[in-house]
Amino acid sequence: MEEKALEVYDVIRTIRDPEKPNTLEELDVVTEKCVEVQDLGDDEYLIVIKFSPTVPHCSLATLIGLCLQVKLQRCLPFKHKLEIYITEGTHSTEEDINKQINDKERVAAAMENPNLREIVEQCVTESDD
């Protein structure tokens, strides 16, 4: 499963932070260790990502979770179920945020908001540098 986990990490490490010019990898929001992949059989995998916001009161943690969701849905070439969580103890409202970013309807609704969608697009689009 390590190969799949690296493939997943490769997709998310280049997502840019909504506030800074850095990637999530550069800010240690995501690391190779934060990705877990389990084989569910029938060529389907469960991907669990635990990311760590840069500060415990990060107001953009939900947005980062949304970026992770969107980028993986678009870029992974295999069937998967996705669970995204904030690393335990790294955010003041982690439970609420975990619920939000794993709720398909809320994610879909968020992506219908043109302002939010634009920010997400800017974060997930690969830069050409």
Taking C-beta and beyond as the side chain, do [X] and [Y] meet within less than 4.5 Å on heavy atoms?
X: V30; Y: L68; result: yes
X: T54; Y: K20; result: yes
X: L60; Y: E19; result: yes
X: F51; Y: I84; result: yes
X: L72; Y: I49; result: yes
X: T14; Y: K71; result: yes
X: L76; Y: I47; result: yes

Does [X] reach the main-chain N or O of [Y] with its side chain, forming a donor-acceptor pair under 3.5 Å?
X: T87; Y: T90; result: no
X: Q100; Y: R106; result: no
X: D103; Y: K99; result: no
X: H91; Y: T93; result: yes
X: Q122; Y: I119; result: no
X: R13; Y: E26; result: no
X: H57; Y: S92; result: no
X: E25; Y: T31; result: no

Item to check | Trace of the side-chain contact (heavy atoms from CB on, under 4.5 Å) decision for I12 with L24 | outcome: CA-CA 8 Å; I12 62 172; L24 297 186; 5.8 Å; no

What's the separation between atom [atom1] in [X] and atom [atom2] in [Y], rounded to the nearest 0.5 Å?
X: I15; Y: C123; atom1: CD1; atom2: SG; value: 8.0 Å
X: R16; Y: T23; atom1: CZ; atom2: OG1; value: 9.0 Å
X: E88; Y: E95; atom1: CD; atom2: CD; value: 9.0 Å
X: E7; Y: Y45; atom1: CD; atom2: OH; value: 9.0 Å
X: D28; Y: S52; atom1: CG; atom2: OG; value: 8.5 Å
X: I86; Y: C58; atom1: CD1; atom2: SG; value: 8.0 Å

Next on the checklist: Assess the residue pair V37 and E3 against the criterion (side-chain contact (heavy atoms from CB on, under 4.5 Å)); give the C-alpha distance rounded to whole Å, side-chain angles, the decisive distance to 0.1 Å, and a yes or no.
Outcome noted: CA-CA 9 Å; V37 177; E3 197 179 301; over 6 Å; no

Heavy-atom pair with the smallest gap, counting every atom of [X] and [Y]:
X: I64; Y: P18; value: CG1-CD, 3.9 Å
X: C75; Y: V11; value: CB-CG1, 3.7 Å
X: K81; Y: E44; value: CG-OE2, 3.5 Å

Item to check | Basic-acidic side-chain contact under 4.0 Å: E32, K50 | outcome: no

Item to check | Fellow cluster residues of V48, listed by chain then number, with links counted only when side-chain atoms sit under 4.5 Å apart | outcome: L40, L46, Y85

Next on the checklist: For the residue pair K4 and F78, would you count it as a cation-pi contact if the rule is NZ or CZ under 6.0 angstrom from the ring centre and within 45 degrees of the ring axis?
Outcome noted: yes

Checklist entry - Listed by chain and number, what are the ring pair (Phe, Tyr, Trp, His ring centres under 6.0 Å) partners of Y9, not counting sequence neighbours? => result none

